[in-house]
J.: 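Structure in structure tokens, see below.
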Amino acid sequence: MLNSLQKKWKVNGAQFVLILCTFAVTGTLTAFISRSITSWLGFDEFTPLFWKVLVRLSVLVFGYQVIILIVSFIFGQFRFFWNYEKKILKRMGFINKTKEVVKPYRLAIFASGKGSNAEKIIQYFDKEPLIQVKLIVCNKAGAGVLDIAKAWNIETLLIEKNAFIESNQYVKHLENEGITHIILAGFLWKIPQTLIKAYPNKILNIHPALLPNFGGKGMYGEKVHQSVIAAGDKESGITIHLVDEHYDHGKTIFQVKTEITSVDTPDTLAEKIHILEHEHYPKVIEEWLGAE
Ligand code: GAR
């Protein structure tokens with residue numbers, strides 16, 4: 001049962017434990033606060049049942065929602081519980097349910113290479129009606145990501161450098177396709193200003209190192225791992241960040257580290273990094289969209 005819950009929530013083992021701790025602490029704290037309030041109000045056996053029930057219910061229904069967010073923050077699980085809260089508020093009728101139903105997020109993934117990250121993202125959102133991967137944008141004919149798009153029956157757009165940098169024809173294409181957000185997954189060209197303006201804070205990139213180190217022009221894939229190993233660093237990791245007009249520069253929204261041992265090579269480090277990317281990128285995208 002715990003396993004199926006973990007799968008349903010799409011979280012790893014450590015996160016799952018922290019989520020359960022959040023629920024447990026919140027439950028205890030809410031009961032304690034509810035008792036403290038009724039005793040502070042001077043409730044006793046002569047207080048009408050109506051008032052007792054009203055106060056207890058108010059704390060349980062409304063106080064609980066606030067307390068759980070505070071506790072989740074302490075356990076580092078705020079994003080998960082904020083999404084959870086939004087679902088509850090929707091059920092209670094405080095948030096308009098129809099908004100998301102009629103307007104799903106429509107993602108375009110920009111990728112230039114093998115596309116293993118693109119595939120994980122496609123897989124992850126495959127059965128999610130509110131987050132749909134609608135387009136794969138690629139600058140390299142024959143890139144592996146195009147085969148992945150074909151296998152998943154996703155439309156592709158092969159782009160040309162001058163037009164990408166100097167015109168807004170692709171921006172128009174994306175807008176015509178109703179693309180709401182852009183996910184860079186191994187895309188190596190700099191994103192032009194026109195695209196950033198059309199999608200402000202709606203473009204996400206993944207970088208295979210701990211930015212601000214080992215980023216910038218020319219730092220991609222293999223080259224990043226070679227530089228990290230050559231520098232003798234004892235750890236590397238992944239960075240997921242918003243895209244601005246500079247290479248690998250916008251606001252970081254997620255980082256996770258991995259250890260580098262004395263036997264690691266650029267290839268083994270690349271494998272470790274890919275594992276981290278595949279595990280985290282889809283979830284971070286989901287949380288990022290959910291937090292909007
Ligand atoms: C990923 O490791 C990604 O972080 C990196 O390219 C790889 C693409 O792999 N991106 C950059 O280096 C961007 N500066 P994939 O094609 O197997 O998803």
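Atoms within each ligand, like the ligands themselves, are counted from 1 in listed order.
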J.: Ignoring hydrogens, just give me the one of Gly144, Ala111, Gly115 whose non-hydrogen atom is nearest atom 16 (O) of ligand 1.
T.: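 Selected option, by shortest heavy-atom distance: Gly115.
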J.: Kindly write out the residues that satisfy side-chain hydrogen bond (donor to acceptor under 3.5 Å, both in side chains) with Asn213, not counting sequence neighbours, or none if the list is empty.
T.: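 So Asn213 forms no side-chain hydrogen bond (donor to acceptor under 3.5 Å, both in side chains) with any residue.
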J.: Would you say Tyr220 has any N or O atom under 3.5 Å from an N or O of ligand 1, going by distance alone?
T.: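 No, there is no polar N/O contact under 3.5 Å.
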J.: Counting only N and O atoms by type, is there a donor-acceptor contact under 3.5 Å from the side chain of Gln65 to the main-chain atoms of Val61?
T.: yes
J.: Do Asn117 and ligand 1 have an N or O pair less than 3.5 Å apart?
T.: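 Yes, Asn117 has an N/O under 3.5 Å of an N/O on ligand 1.
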J.: Are more than 12 heavy atoms, taken from residues, nucleotides or ligands other than Asn176, located less than 6.0 Å from that residue's CG atom?
T.: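 Atom CG in Asn176 is packed in, count exceeds 12.
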J.: Report the residues that fulfil side-chain hydrogen bond (donor to acceptor under 3.5 Å, both in side chains) with Lys52, sequence neighbours left out, ordered by chain and then residue number.
T.: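 Here no residue qualifies.
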J.: Are Phe254 and His280 near enough that their ring centres are under 6.0 Å apart?
T.: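 Phe254 vs His280: aromatic centres under 6.0 Å.
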J.: Considering only the protein, which heavy-atom contact is closest to atom 13 (C) of ligand 1, and what is its distance?
T.: Ile206 O, 3.8 Å
J.: Could you tell me which atoms of ligand 1, counted from 1 in the order shown, lie closer than 4.0 angstrom to a heavy atom of Met219?
T.: 14 (N)
J.: Of all the atoms in ligand 1, which lie at a distance below 4.0 Å from a heavy atom belonging to Lys114?
T.: 16 (O), 17 (O)
J.: Would you mind finding which of Ser116, Pro208, Gly221 brings a heavy atom closest to atom 15 (P) of ligand 1?
T.: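 Nearest option to atom 15 (P) of ligand 1, by heavy atoms: Ser116.
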J.: Could you work out, for atom 8 (C) of ligand 1, the closest of Ser112, Gly113, Gly186 by heavy-atom distance?
T.: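 Residue with the shortest heavy-atom distance to the ligand atom: Gly186.
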J.: For residues Ile253 and Val284, determine if any side-chain heavy atom of one lies less than 4.5 Å from a side-chain heavy atom of the other.
T.: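 The answer is yes, as the side chains (C-beta and beyond) meet within the 4.5 Å cut-off.
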J.: Assert yes or no for the condition that the ring centre distance of Phe16 to Phe80 is strictly below 6.0 Å.
T.: no
J.: Of the listed options (Lys120, His274, Glu277, His207), which comes nearest to atom 4 (O) of ligand 1 when hydrogens are ignored and any heavy atom counts?
T.: Glu277
J.: Does ligand 1 have an atom under 4.0 Å from some heavy atom of Val224?
T.: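 No.
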